[in-house]
4 protein chains.
Amino acid sequence: MNEPKTTRGQKTLNRIIKAAENEFGKKGYYNTTINDLAARAKVAPGTIYIYFSDKYSLYCHLLNRYGHEIRKKIAEDTAGCATRLDAERAGLLSFLRQVKKQPYMYQIIWESLYINPTLFVEYYESFALRYKTKLDESAGEITRMDNTVLAYILMGIVNFIGLKYVFFDKGADLEKVADQAMAFYRYGLSGLGQPAEGPAGEQPGGSAC
Amino acid sequence: MNEPKTTRGQKTLNRIIKAAENEFGKKGYYNTTINDLAARAKVAPGTIYIYFSDKYSLYCHLLNRYGHEIRKKIAEDTAGCATRLDAERAGLLSFLRQVKKQPYMYQIIWESLYINPTLFVEYYESFALRYKTKLDESAGEITRMDNTVLAYILMGIVNFIGLKYVFFDKGADLEKVADQAMAFYRYGLSGLGQPAEGPAGEQPGGSAC
Amino acid sequence: MNEPKTTRGQKTLNRIIKAAENEFGKKGYYNTTINDLAARAKVAPGTIYIYFSDKYSLYCHLLNRYGHEIRKKIAEDTAGCATRLDAERAGLLSFLRQVKKQPYMYQIIWESLYINPTLFVEYYESFALRYKTKLDESAGEITRMDNTVLAYILMGIVNFIGLKYVFFDKGADLEKVADQAMAFYRYGLSGLGQPAEGPAGEQPGGSAC
Amino acid sequence: MNEPKTTRGQKTLNRIIKAAENEFGKKGYYNTTINDLAARAKVAPGTIYIYFSDKYSLYCHLLNRYGHEIRKKIAEDTAGCATRLDAERAGLLSFLRQVKKQPYMYQIIWESLYINPTLFVEYYESFALRYKTKLDESAGEITRMDNTVLAYILMGIVNFIGLKYVFFDKGADLEKVADQAMAFYRYGLSGLGQPAEGPAGEQPGGSAC
DNA sequence: CATGAATGAGATTTCATTCAT
DNA sequence: AATGAATGAAATCTCATTCAT
């Protein structure tokens, strides 16, 4: 990406990026043309090439940006959590809120599986690794299960809830969904009958974190 | 799709479909040209249009076919299972084996989110509904959790395991993965320390179903 | 055209010709495919090439056929007319009735201006010549006007009435239209006020011819 | 049609339109390729699509343009005429001169019967209506004939003279042709012997209008 | 005779990218 | 920095015609 040198250029670049989020997110990479982006950004097609070498690099720029944003926000939102499970819930909620706020972001990330698989894997693995690391750290707590498998299970939960409640069911109460996911997370199916019998000191409505 | 009227035509059609699976699966829909398909199927480009009205309808044909195949196979593989959990494990294993056997299928299904979102949602929802129905039927067993949320959680587990072990880790021992998923499924994180305390008569290595 | 040698072949050929009239007439030459013709004729596409060397020659076959039919029928329908004006009226009516009966024919003839201009000119000129010859024969009757110009004027009247009353106003009473055309033909605008003052012995409703 | 925003664009557009007139007019719509047009206009094929959404819309643009041009020019050329017959002659001459000057225009208009029948009918009917309106206004003058039939007769005269003298006999003296048409127009066949007995003050060679 | 699958040249159209202004 | 016209390679799709059966 070419950095703009004037504030006018900065504004133009912002419009282009915003337009790319909207159009890529709504119609997908291949169904979005440079002209579409230009029209939405209210610039001429040629202008886009002042800042990006090509369409692909504009897409990758968004992707990288999202990866950083998501991780940074989750780190912030889980910073103050006392227990691992609290952090888990806070992380899940942080994630869901972000994709709810910027659903285009999520669509773009998923599409990268077809457009820049390397970046997708990187994103995917970084999350899985994060889970696995945490699981490894909690060795005393949880035992005898392969933490790698477990990490992907947890990712699946997070992401499918994301897909469902962000793409298809936009009105959902995310806190409630997160609580239910956490209940399952902790007790599986067998424990679902006894949510009140969870660890002492836990509020039914979820922790304050 | 136009049905061929001769066996020669049937063979040609099969070659086209096989070629489409390979090429779409490997390179994605938008990076696959009709000429690519024709070359791999060893037909002239025009021949493809005898059987399919356009590239898109060929893609959708594969998609529908996969949906049916997957569901049918799962139904078969879970038919003899005594308990719901046995069936769940058998279903998961059936799914994983199918996507492992035909990884292109899975790639194509996921891509539909960008090509035919309606079909994707249909596929997605049909699976979720299947889970939810089962959960509703087991009302005595599992309680107080929203079965819709739960259904999507289960889907997430299945699919992310699919993504991981089919796309990125092709050598995995699927039986073992399925067992671990089932353990989590039943007991969540908190119960993972007691896999031997599961329902009586259950082999640690998974049921015979 | 290849003549069929069996009665089965004759029937097939007839179906093909009938189909060509319908399809070419309805959709025009370029918008009609060999497959369209085959489908309507209930034959395989290849069958058409048994009888015609190509699409174009099938079209020309129709065109020639029509030219002969029209002229032959007009000759028949005007054979018994005593006066030139009677013959003119009978000819006009014959023409209108034919194009009304087979509107596709007319459409096909007009299109030949773009597909086989040579044949169109031939058709066009043959009609014009016929008029001019008659006008030349009636030298005593009509004077001082260039018979070539006049011939084209008469053709214009015939054909535009054809276009209007055959293409756009299918329910018209052709006899009445023919009578009005003849009135104009004889007296022009200035004489239109005195139709009853025409030559003695003429029925208002047109001659019996 | 997309309007160009620069003079350079305007020039390009003009070249494209000019090329389309020439090529469509000479070879017909279906025998003219976009590459033909591009070559003649000295632009790349893609450039045509900047200004027109497709080949068809380029064709329709010409068609509409012609309709307007013809009507506008006739209106101008008949504006100063004192009598209806003078106006009629002037209109006929105006029409003939236009199609003589731009024979491609006429070819293109006729072809529309096969390409855009709706536009053809519109063109056709607008002319017929113009005649009919005039005839209705002259009710005192001409009586007892159906003005609609009459309108189409007059159109036929005009157009067939057009076809003949523009397509097949390009050297004709149009003034003379127009005068003869007018003579027929006024007196029909029966009156052709007395052209000198027309309304007083009329020059044998046609009015000055 | 008839079939219908197969061909492949050729047409239209798209669109990322370049470039003159 | 910005414009928007122009490019042209490449894609999809059509369809008259051929040919093996």
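In what follows, every heavy atom counts, from backbone to side chain, and hydrogens, waters and symmetry copies are set aside. A, B, ... follow the sequence lines: proteins, then strands. Residue 1 opens every chain.
Toward the 5′ end of DNA chain F lies the nearest nucleotide of A/Thr12, the other residue of the pair B/Tyr56 and A/Thr12 mapping further downstream. Of the two residues near DNA chain F, D/Gly46 and C/Ser53, the one whose nearest nucleotide lies more 5' is D/Gly46. Two residues, A/Pro45 and D/Pro45, neighbour DNA chain E, and the one matched to the more 5' nucleotide by heavy-atom proximity is D/Pro45.
In the set E/dC1, E/dA5, F/dT3, the nucleotide with an atom closest to the side chain of C/Thr6 is E/dC1. Counting only heavy atoms from C-beta on, D/Val43 has its side chain closest to F/dT7 among E/dC1, E/dG4, F/dT7. Each of F/dA2, F/dT17, E/dT17 was ranked by its minimum atom distance to the side chain of A/Asp54; first place goes to E/dT17. Each of E/dA5, F/dA2, E/dG8 was ranked by its minimum atom distance to the side chain of A/Thr47; first place goes to F/dA2.
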Is there a side-chain hydrogen bond (donor to acceptor under 3.5 Å, both in side chains) between C/Gln98 and C/Tyr66 once you walk through the steps? CA-CA 10 Å; C/Gln98 285 185 74; C/Tyr66 288 151; over 6 Å; no

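The interatomic distance linking C/Ile50 (CD1) with F/dT18 (P) rounds to 13 Å, in whole Å. For the pair B/Ile48 CD1 and F/dC15 P, the interatomic distance rounds to 17 Å; values are reported in whole Å. Counting to the nearest Å, the P atom of F/dA2 and the NZ atom of A/Lys11 are 11 Å from each other. At whole-Å resolution of the value, CG in D/Asn14 and P in F/dA5 are 14 Å apart. When rounded to the nearest whole Å, the span between CD of D/Glu3 and C1' of F/dG4 equals 15 Å. For the pair C/Lys55 NZ and F/dA16 C1', the computed distance is 8 Å after rounding to whole Å. Rounded to whole Å, the distance from CG on B/Leu58 to P on F/dC13 is 10 Å. The CG-P distance, from D/Asp36 to E/dG10, rounds to 13 Å in whole Å.
Put simply, B/Arg8 has no side-chain N or O that comes within less than 4.0 Å of OP1 or OP2 on E/dG4. Proximity of B/Tyr49 to the phosphate of F/dT14: no side-chain N or O atom is located under 4.0 Å from OP1 or OP2.
Across residues 15-35 of chain A, not one residue has a non-hydrogen atom less than 4.0 Å from an atom of DNA chain F.
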Could you provide the dot-bracket string of DNA chain E, using ( ) for intrastrand pairs, [ ] for crossing pairs and | for bases paired to another strand, with Watson-Crick or G-U pairs below 3.5 Å? .||||||||||||||||||||

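At a threshold of 4.0 angstrom between heavy atoms, the contacts of B/Tyr51 are confined to the sugar-phosphate backbone, with no base atom among them.
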